[in-house]
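Just so you know, ligand 1 is whichever comes first in the structure, and atom 1 is the first atom listed for that ligand.
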Amino acid sequence: MTLDARQYTCPDRFAQEKQRIFQRLPLVLAASCQLPRPGDFSTLEVAGIPVLLVRDKAGAVHALLNSCTHRSAAVASGCGSTARFTCPYHGWTFAQDGALLGVASSADFGAVDRAALAMKRFPVAERAGLIWAILDPDSPHDPGAMLGGIDTLIAGFGLTHWTMIERRVLHGPNWKLAFDAHLEFYHVPVLHRETFGPERSNRAFYFTHGPHQRVIAPQGRPGDVVPDDLYTLGRLPTSGEPIDPLLMGEWILFPGTSINTFYIGGIRCVLLSIVVPGAEVGTSTTTQTFLAETVPDDAASAAMRETSAFLAHVVGDEDLPTSAFQQKVIGTGLVGEVRFGRNEGGLQHFHRWLGRALDSDNAALPALLAAPCPQ
Ligand code: FES
Ligand SMILES: [Fe+2]
């Protein structure tokens, strides 16, 4: 399969992706356990859109445009816990659901329609321990209705009450060049020969579920007796069947999220990687969030942080610099196309689905995403 290389650098194509992918599709923005208690909040930016995630008193998660309705300053930064938000510019205050609570020196504003001056709210759905949102306050769609059952499969991970160990943000080039490196293992024994080692397999099985997929190297855990079809997406293990083979490998949630499983000190851990565009065509962020199934003791926690730092090194010092070079040379206009082999099926599936979702009109989009076909 070949791809026109300008798809990685063309500002018009990028504007379409921002609008038709990142503001129409449900995006994984965080793990539920990043906001375990009422009042917990976290901020992030997707395609130049600042987002504030917050859990309210009743336990519901809100996804808000992180922008004060007075003159657009950021209402919150970083992450933390708070009963209400106070804008750091002039002091307007907002509730956990974005409602306007207070106007500083309100007499100087006369009568204010508070309901109309709530922070903008994005449609949000919390499923399977992940928080999905559609970054369009006027979207006609319900994010939970567009997951096509992938949330049921992810529920098998049991992520809901896990513990966050670490979170870091890595900066990279165009979001697709950054994400392409998640979609094949062909490069693993070569680019990562110093980190993962040259003996790693460069092949992968690709199992797809609508636009989503699972990429797994053709080796299981020693001693596991695994029914062949348990490696596929689309069915959950019955009782007594080992769940581990289904969790290993890399789960890809369209458009830009991946989940990798590890066992550290006997505790199941995942690295949740969320790749999103920056504000410009040649920028992206990869947010790596390292989660553990149970609260680790000091020794296990140290081992998890070590693994987390190792994975940041692999992606930040090996994958992303390679992608940045691709971006630079494609940007010269001297590269006509890039090519994907049969062993890079994950890339073929991803780029085909990207085209399909871009081309879909609004009315057809939910059905396209909700049906786990065509592949
Ligand atoms: S911009 Fe927030 S109070 Fe002025
Ligand atoms: Fe890699």
(request) Answer yes or no as to whether an N/O/S atom of His182 is found below 2.8 Å from the Fe ion (ligand 2). (result) no

(request) State the atoms of ligand 1, each with its element, that fall below the 4.0 Å cut-off from a heavy-atom position in Ala73. (result) 1 (S)

(request) Could you list which atoms of ligand 1 come closer than 4.0 Å to a heavy atom of Gly91? (result) 3 (S)

(request) Report the angle formed at the Fe ion (ligand 2) by atom NE2 of His192 and atom OD1 of Asp319, rounding to the nearest 10°. (result) 90°

(message) Donor-acceptor check, side chain of His209 to backbone of Gly148, threshold 3.5 angstrom: yes or no?
(response) yes

(message) Could you check whether atom CD of Glu280 has more than 12 heavy atoms from other residues, nucleotides or ligands sitting under 6.0 Å from it?
(response) no

(request) Answer yes if the side chains of Asp136 and His141 hold a donor-acceptor pair under 3.5 Å, and no otherwise. (result) no

(request) Please could you name the atoms of ligand 1 that Trp92 approaches to less than 4.0 Å, counting only its heavy atoms? (result) 3 (S)

(message) Please find the pair of heavy atoms, one from Ala47 and one from Lys18, that lie closest to each other, and give the distance.
(response) CB-CD, 3.6 Å

(request) Tell me yes or no: between the side chains of His351 and Asp180, is some donor less than 3.5 Å from an acceptor? (result) yes

(message) Is it true that, when you exclude Phe325 itself, more than 12 heavy atoms of the residues, nucleotides or ligands shown sit nearer than 6.0 Å to its CZ?
(response) no

(message) Just checking: His90, one of its N/O/S atoms, less than 2.8 Å away from atom 4 (Fe) of ligand 1, yes or no?
(response) yes

(request) Run the numbers for me: atoms of ligand 1, each under 4.0 Å from some heavy atom of Cys87, listed by number. (result) 1 (S), 2 (Fe), 3 (S)

(request) Give the residue, atom name and distance (to 0.1 Å) of the protein heavy atom nearest atom 1 (S) of ligand 1. (result) Arg71 N, 3.4 Å

(message) Please confirm whether the ring centroid of Phe22 lies under 6.0 Å from the ring centroid of Phe14.
(response) no

(request) Could you confirm whether His70 has any N/O/S atom lying under 2.8 Å from atom 4 (Fe) of ligand 1? (result) yes

